[in-house]
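Okay, so here's the structure we're looking at.
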Amino acid sequence: MKAIAVLALWVTLFYQGYSNTLDSCQGQCGFGTDNSFFCQCNLSCERYGDCCSDCTEICRGSCAGGGSVITDAEIKALSETLYALDSNKASTSELVIDPQALVPGSQTSSKDDLSAAPLFQYLNEEALFSRPTYAALLAVLDNYNRMTGQTEDFSPQQLVEQDVFLKETMSNTELGRELFAFLFTKGIYASEEEFIQDLKMMWFGLYSRSNKMDSSGFEHIFAGEVKGGKVSGFHNWIRFYLLEKKGQLNYYSHSFNGPWATYPDVMGMQFMWEGYYKQVGSAIIGCSPEFDFALYSLCYITRPGKQCHLSLGGKKLMIQTYTWDNSFYGDGKKYIGSAFPATP
């Protein structure tokens, strides 16, 4: 009986000790994501919603919740590097815009058409759209039904187009490789393959905004959607240009315009898309597809659901990101809900 009692006490103490480590970062701070752990203690855990409860207390600088080792200064420095590497951006001779009416933020809901001409006056399509990253973006943009509540169903060819877009923008450009190198050195990704696969899921993975598998981060941000009788998302300048050229989008005014004298620039536009209004459709104007995609990815990965402070040519830019919290991919990873320039 005494031996049984001792054994029972040992088992109790063992499981008490084991359970205490299940939700603890003790001994695992800064490790890469390991599915054998009950919870995680690294820079990505906040985005995936699987941080241990003592992550901030135990890990401090290597935990996403407690002063991430990826500092604002590092993000700003990287954004400046990406800005300098954007060799595929439009030049002022290749792209001409006419911003026209500037309205205060208090008037963006008025739906007043104050423009006498399109926003995009000229674009050298031959020079820009023949480039691989632009061609890859154009191929993906027309794969979506803008109405939420309509199931998205991709053909095998359309799935290939997603892969081509990721390859051309992230693997085949110096800008994309620079982003991966930074995230690799921070321990967020162990390989380029892991990086590309995670981008594919967080951006192109489908989730439901209206009881159907009808949306994704890419569709929402780059292609734009219609939900509740108004435009939702829509933060890509090339998509804007294409629809305006077709006569399907009417530019009304803008509520902010960034301080940049060359491209990329940042604007917050008011417009009507075939009967559906967008109060502030902010976008980075004139940048390459890889620059747009890289900045949003950087901000979402490092500052999920938060404000992300960047620097472009010595001038500040803030991007707001949102996580999609109603469904997940992998082991509880969060899709992109939205990302957009919040201030110039």
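Any value given below was found using the heavy atoms of this structure, including those in side chains, with hydrogens, waters and symmetry copies removed.
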**Message:** How about NZ on Lys230, more than 12 heavy atoms from neighbouring residues, nucleotides or ligands closer than 6.0 Å, or not?
**Reply:** no
Between Thr321 and Cys308 (side chain of the first, backbone of the second, donor and acceptor by atom type, cut-off under 3.5 Å), is there such a pair? no
Distance col, row Glu152:CD vs Glu225:CD, nearest 0.5 angstrom, shows 8.0 Å
query = Can you say whether the rings of Tyr296 and Trp203 are parallel (under 30°), tilted (30 to 60°) or perpendicular (over 60°)?
reply = tilted
Hey, mind stepping through Asn326 and Tyr335 against side chain to side chain donor-acceptor pair (under 3.5 Å) and telling me if it holds?
CA-CA 9 Å; Asn326 296 332; Tyr335 298 102; over 6 Å; no
For the CD atom on Glu193, are there more than 12 heavy atoms of other groups (residues, nucleotides or ligands in this structure) within a distance under 6.0 Å? no
Rounding to 0.5 Å, atoms OH (Tyr300) and OG1 (Thr323) come to a distance of 5.0 Å
Does a sphere of radius 6.0 Å around CD in Glu174 hold more than 12 heavy atoms from other residues, nucleotides or ligands, not counting ones at 6.0 Å or beyond?
no
* Distance SG-SG for Cys39, Cys51 less than 2.5 Å -> no
(message) Side chains of Ile70 and Phe182, heavy atoms from C-beta outward: is any pair under 4.5 Å?
(response) yes
- Message: Hydrogens and angles aside, do Arg209 and Tyr207 bring a side-chain donor and acceptor to less than 3.5 Å of each other?
- Response: yes
d(Leu243 CG, Tyr251 OH) to nearest 0.5 Å is 16.0 Å
*Does a donor on one side chain sit under 3.5 Å from an acceptor on the other, for Thr81 and Glu178?*
no
Q) Is Arg131 salt-bridged to Glu94, cutoff N-O under 4.0 Å? A) yes
To the nearest 0.5 Å, atom CG of Leu128 lies from atom OG of Ser91 at 7.5 Å
Task: Distance-only side-chain donor-acceptor flag, Thr108 / Gln279, under 3.5 Å - done: yes
query: Parallel, tilted or perpendicular: which fits the ring planes of Phe120 and Tyr241, with parallel below 30° and perpendicular above 60°?
result: perpendicular
Measure SG to SG for Cys52 and Cys41 and state whether it is below 2.5 Å.
-> no
**OP:** Could you tell me if the ring centre of Phe271 sits under 6.0 Å from that of Phe240?
**Re:** yes
Output for pair (His235 NE2, Ser282 OG), nearest 0.5 Å, gives 5.0 Å
From the list Lys316, Glu80, Lys76, side-chain hydrogen bond (donor to acceptor under 3.5 Å, both in side chains) with Ser311 holds only for Glu80
Rounding to 0.5 Å, atoms OH (Tyr277) and OG (Ser109) come to a distance of 7.0 Å
Hydrogens and angles aside, do Glu290 and Thr133 bring a side-chain donor and acceptor to less than 3.5 Å of each other? yes
**Prompt:** Is the CZ atom of Phe184 crowded by more than 12 outside heavy atoms at less than 6.0 Å?
**Reply:** no
